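The model shown is predicted, which means the values in this text are computed figures rather than measured ones. Chain A is the first sequence line, chain B the second, and so forth, proteins listed ahead of strands; every chain is numbered from 1.
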2 protein chains.
Amino acid sequence: MAMDADLVTAGVLVIGDEILSGRTKDKNVGFIADYLTQLGIDLKEVRIVADDTDAIVEAVNAMRACWTYLFTTGGIGPTHDDITADSVATAFGVRIDHDPRAVDILTRHYQAGELNEARMRMARVPFGADLIENKVSSAPGFRLENVHVMAGVPSVMQAMMDAIAPTLRTNSALLSETIDTGVGEGLVAEPLRIAQERHPEVVMGSYPYLRDGLFATKLVLRSREQDKLKAACEDIETMLADLKGQRQAQI
Amino acid sequence: MAMDADLVTAGVLVIGDEILSGRTKDKNVGFIADYLTQLGIDLKEVRIVADDTDAIVEAVNAMRACWTYLFTTGGIGPTHDDITADSVATAFGVRIDHDPRAVDILTRHYQAGELNEARMRMARVPFGADLIENKVSSAPGFRLENVHVMAGVPSVMQAMMDAIAPTLRTNSALLSETIDTGVGEGLVAEPLRIAQERHPEVVMGSYPYLRDGLFATKLVLRSREQDKLKAACEDIETMLADLKGQRQAQI
């Protein structure tokens with residue numbers, strides 16, 4: 001994809017059979033999407049894959065090459081089906097072993113006798129990675145180059161995002177205006193097309209929704225420049241007012 | 001990925017900037033995941049991409065080659081940012097134009113004078129595709145080979161899934177049992193690992209969740225064979241009972 005080289009972008013990779021089977025409804029994508037938008041990072045792609053080494057390795061390597069940052073969620077717990085850390089090590093072609101810093105964190109967290117072999121799996125970290133703090137349940141995530149590996153439990157993932165956020169490069173804030181047109185997409189399409197041609201530097205989207213059984217449309221305009229955003233909004237609102245006038249004249 | 005050649009699999013491609021910006025929270029993935037699981041089709045991968053021709057073409061071609069079926073949602077409305085139909089035509093290398101069957105449906109649905117140029121965009125269908133009925137708002141989706149192109153508005157997408165379902169090939173039903181262990185993943189990991197080794201034909205997953213501030217774990221076992229599923233469940237329950245006995249003996 002043609003892309004502004006300076007634009008900070010992101011991909012999200014959700015790992016877990018339970019999302020694909022429908023048993024668990026993912027809440028992490030929506031949270032991360034909001035979070036990145038507020039930080040000023042453009043989320044460009046999400047993938048959800050199974051607990052399958054080949055699927056994870058392929059997705060990690062495809063996505064880390066495309067975007068400034070990749071964030072993964074899921075598959076870093078103590079059980080045999082948690083294979084994210086090993087798969088990320090395979091994707092990067094680096095060794096993985098019990099990390100002394102992670103072992104230290106788990107040793108301090110668990111009572112004597114509680115830190116069994118399964119829980120020690122959570123200290124397996126690819127060689128060369130930094131740890132990501134987990135204020136909720138201690139077992140850390142990790143960052144390897146531009147890939148941030150986080151837990152799947154939403155409260156833990158959210159704590160990890162808070163730990164990561166100060167380290168991320170961001171774009172200047174993307175400003176956004178929403179216009180609720182009150183009419184169907186078919187009526188606003190032509191004014192919107194004209195406005196998009198007149199204001200190419202403002203990104204315009206149209207989002208249909210059902211209200212009282214009828215389709216209505218919200219328009220969302222986005223730009224990094226306040227004056228350009230304002231001019232485009234005013235232009236559209238003028239056209240919508242004209243449209244309304246024409247429709248009333250017909251009655 | 002190594003895959004049973006007879007297994008019926010699916011991918012889902014969600015198309016829309018509004019999901020990636022966080023403005024709209026996707027509800028279609030969870031619905032389709034449940035729907036396919038109930039039908040007996042294994043959902044293997046989900047991607048969410050922007051309203052960008054290159055991104056859509058790349059994802060459609062990658063996913064339709066991997067899975068038995070690909071289902072897309074979003075980007076088939078009347079506005080300039082709805083580019084899914086054209087992108088799918090590009091992905092297949094086929095022509096796209098106003099489809100007489102789709103024009104007929106729209107002509108019957110709209111009052112005289114309402115069917116403007118923008119709405120006519122919704123009749124653009126790639127050459128060689130079959131239409132998918134839309135009982136909610138008439139504008140059809142379409143199927144081209146193994147790719148099913150559906151609307152993004154959930155009620156419309158759901159009506160289209162109902163129209164598609166009878167045409168799909170399915171696996172024999174996947175049976176599932178859930179065991180709520182009441183203890184953290186770290187304690188159930190070893191019995192689960194042993195059970196997985198003993199019952200390789202049963203797929204076992206472990207899903208941690210927070211209850212009253214403590215981590216607990218649900219185990220989900222899946223198989224297409226009732227007797228194998230039952231044997232694996234009994235084996236795990238015996239090991240969990242032994243574990244509970246040991247912990248009580250320690251007190």
Go through the atoms of B/Val156 and report whether side chain, backbone, both or neither lie under 4.5 Å from a heavy atom of chain A. side chain
Where on B/Val29 is there a heavy atom nearer than 4.5 Å to chain A: the side chain, the backbone, both, or neither? side chain
Quick check on the interface: out of A/Gly186, A/Ala118, A/Gly22, who has the most heavy-atom pairs with chain B under 4.5 Å? A/Gly186
Name the option with the most non-hydrogen atom pairs under 4.5 Å to chain B; the candidates are A/Asp42, A/Asp51, A/Val153, A/Leu192. A/Leu192
Which bit of A/Ser155 comes within less than 4.5 Å of chain B, counting heavy atoms only: side chain, backbone, both or neither? side chain
Can A/Phe71 and A/Met161 be said to form a side-chain contact (heavy atoms from CB on, under 4.5 Å), step by step? CA-CA 9 Å; A/Phe71 302 91; A/Met161 276 304 307; 4.1 Å; yes
Between chain A and each of B/Asp17, B/Val136, B/Val46, B/Ile19, count heavy-atom pairs under 4.5 Å; write down the option with the most. B/Val46
Once you round to the nearest 0.5 Å, how far does CD1 of A/Ile105 lie from NE2 of A/His109? 11.0 Å
For chain A, find its close neighbours in residues 216-224 of chain B: heavy-atom separation under 4.5 Å, sorted by number, or none. B/Lys218, B/Val220, B/Arg222
By a 4.5 Å heavy-atom criterion (distance strictly below it), what part of B/Phe215 contacts chain A: side chain, backbone, both, or neither? side chain
Begin with the C-alpha distance, continue with both residues' side-chain angles, and end with the deciding distance and a verdict on side-chain contact (heavy atoms from CB on, under 4.5 Å) for B/Leu243 and B/Glu190. CA-CA 10 Å; B/Leu243 192 73; B/Glu190 185 62 9; over 6 Å; no
Quick check for you: among B/Val188, B/Thr53, B/Leu187, which has the greatest number of heavy-atom pairs under 4.5 Å with chain A? B/Leu187
Go through it in stages, so that I can follow the logic: the residues are A/Tyr209 and A/Asp180, the test is side-chain contact (heavy atoms from CB on, under 4.5 Å), and I'd like the CA-CA distance, side-chain angles, deciding distance and then a yes or no. CA-CA 10 Å; A/Tyr209 64 99; A/Asp180 192 342; 2.9 Å; yes
Is it the case that over 12 heavy atoms from other parts of the model lie below 6.0 angstrom from the CD atom of A/Glu114? yes
Say whether, by atom type as modelled, one donor and one acceptor occur between the side chain of B/Asn171 and the main chain of B/Leu7 under 3.5 angstrom. no
Of the listed A/Pro78, A/Gly77, A/Ser176, the one with the largest count of heavy-atom pairs under 4.5 Å with chain B is A/Pro78
With distance as the sole test, does B/Asp81 use its side chain to make a donor-acceptor pair with the main-chain N or O of A/Ser206 at under 3.5 Å? yes
Name the region of B/Asp26, side chain, backbone, both or neither, that has any atom closer than 4.5 Å to a heavy atom of chain A. neither
Is the backbone of A/Trp67 close enough, under 3.5 Å, to the side chain of A/Thr9 for a donor and an acceptor to pair up by distance? no
Would you check if there is a donor-acceptor pair between the side chains of B/Asp34 and B/Thr37 at a distance under 3.5 Å? no
Under the side-chain contact (heavy atoms from CB on, under 4.5 Å) test, residues paired with A/Val103 that sit two or more places apart: A/His98, A/Thr107, A/Met120, A/Ala123
Using non-hydrogen atoms and a 4.5 Å limit, figure out which bit of B/Glu45 sits close to chain A: side chain, backbone, both or neither. both
Need one label for B/Leu210: side chain, backbone, both or neither, based on atoms under 4.5 Å from any heavy atom in chain A. side chain
Answer yes or no: does atom NZ of B/Lys25 have more than 12 heavy-atom neighbours from other residues, nucleotides or ligands under 6.0 Å? yes
Residues A/Arg193, A/Glu197; criterion salt bridge (charged side-chain N to carboxylate O under 4.0 Å, His left out); working and verdict: CA-CA 6 Å; A/Arg193 190 189 61 74; A/Glu197 279 185 12; 2.8 Å; yes
Okay, A/Gln196 and chain B: the region with an atom under 4.5 Å from a heavy atom over there is side chain
Quick one: which of A/Leu20, A/Leu43, A/Leu115 has the most heavy-atom pairs under 4.5 Å with chain B, could you say? A/Leu20
Is any side-chain N of the basic residue among B/Asp82 and B/Arg121 closer than 4.0 Å to the acidic one's carboxylate O? no
